[in-house]
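In what follows, chains are A, B, ... by sequence order, proteins preceding strands, each numbered from 1.
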Amino acid sequence: MTYAQVADRAGLGRAARMVSSALRKAPPKMQLPWQRVINSQGKISFPKDSAEYIRQYELLCSEGVVFIKGRLNLNLYQADAVIDEQLWSGFFER
DNA sequence: GCGATGACATACC
DNA sequence: AGGTATGCCATCG
């Protein structure tokens with residue numbers, strides 16, 4: 001999900017930034033699937049050169065998420081995505 | 001109290 | 001497509 005979607009689902013309205021803020025201070029004990037939250041552009045919200053970026057990228061890849069030029073297909077992977085032939089065909093084209 | 005700062009989003013150009 | 005501008009709002013110093 002995107003930060004905005006999580007914020008909305010959590011009843012935070014448009015406070016997408018609060019989601020990232022929360023993830024940052026969340027105790028590791030919570031075992032949150034933080035890597036599954038990305039920005040609305042379908043890109044990882046960390047500087048491309050940061051260690052955190054690599055970390056999240058690796059985690060998602062290990063979960064079967066495919067990145068095309070540093071970006072993933074939101075329509076394909078969002079929590080409520082409906083996987084149909086239309087989406088997949090579009091995915092394979094690019 | 002107040003301005004600066006984000007793991008953001010959207011609108012324009 | 002990619003860069004800039006603006007809105008956003010809890011945290012921080």
S.K.: Any side-chain heavy-atom pair from V37(A) and M1(A) closer than 4.5 angstrom?
M.R.: no

S.K.: Roughly, in whole Å, what's the span from CD1 in I68(A) to P in dA1(C)?
M.R.: 14 Å

S.K.: Give the minimum heavy-atom separation between Y77(A) and V66(A), together with the two atoms involved.
M.R.: OH-N, 3.0 Å

S.K.: Report the distance from atom NZ of K43(A) to atom P of dA1(C), rounded to the nearest whole Å.
M.R.: 11 Å

S.K.: Taking CD from Q41(A) and P from dG2(C), how many angstroms apart are they, rounded to a whole number?
M.R.: 11 Å

S.K.: Test your reading of the model: is there a side-chain donor-acceptor pair from Y57(A) to the backbone of K48(A), 3.5 Å cut-off?
M.R.: no

S.K.: In whole Å, measure the gap between the P atoms of dA7(B) and dT6(C) for me.
M.R.: 22 Å

S.K.: Quickly work out the R14(A) CZ to dC8(C) C1' distance and round it to whole Å.
M.R.: 11 Å

S.K.: For DNA chain C, whose closest nucleotide is more 5', that of L12(A) or that of R71(A)?
M.R.: R71(A)

S.K.: If I compare all heavy atoms of C61(A) with all of F67(A), which pair ends up nearest, and what's the gap?
M.R.: SG-CD1, 4.3 Å

S.K.: Is the phosphate of dA9(B), meaning OP1 or OP2, less than 4.0 Å from a side-chain N or O of S40(A)?
M.R.: yes

S.K.: Separation of D8(A) atom CG from dC8(B) atom P, in whole Å?
M.R.: 17 Å

S.K.: Compile the donor-acceptor pairs under 3.5 Å between side chains in residues 11-27 of chain A and protein atoms, sequence neighbours left out, one pair per line.
M.R.:
residue : atom : partner : partner atom : Å
S20(A)  : OG   : R17(A)  : O            : 2.7

S.K.: Whole angstrom is fine here: how far is it from CD in Q5(A) over to C1' in dT10(B)?
M.R.: 15 Å

S.K.: Is the backbone of T2(A) close enough, under 3.5 Å, to the side chain of Q5(A) for a donor and an acceptor to pair up by distance?
M.R.: yes

S.K.: When you measure from every atom of DNA chain B, which of residues 17-38 of chain A have a heavy atom less than 4.0 Å away?
M.R.: R17(A), M18(A), S20(A), L23(A), R24(A), W34(A)

S.K.: For E63(A) and Q35(A), test the side chains for any donor-to-acceptor distance below 3.5 angstrom and give the result as yes or no.
M.R.: yes

S.K.: Kindly determine whether I38(A) and L74(A) satisfy side chain to side chain contact (heavy atoms under 4.5 Å, CB included), including the steps that lead there.
M.R.: CA-CA 9 Å; I38(A) 59 183; L74(A) 278 178; 3.8 Å; yes

S.K.: In this structure, how many angstroms lie between the C1' atom of dC8(B) and the CZ atom of F46(A), rounded?
M.R.: 13 Å

S.K.: I want to check something: taking the side chain as every heavy atom from C-beta on, are Y3(A) and S45(A) in contact at a cut-off of under 4.5 Å?
M.R.: yes

S.K.: Report which part of the nucleic acid E52(A) touches: base, sugar-phosphate, or nothing (heavy-atom distance under 4.0 Å, all strands).
M.R.: nothing

S.K.: Any N/O pairs under 3.5 Å between the protein and nucleotides 11-13 of chain B? List them or say none.
M.R.:
none

S.K.: Starting from P on dG6(B), measure out to CD1 on I44(A) and report it in whole angstrom.
M.R.: 19 Å

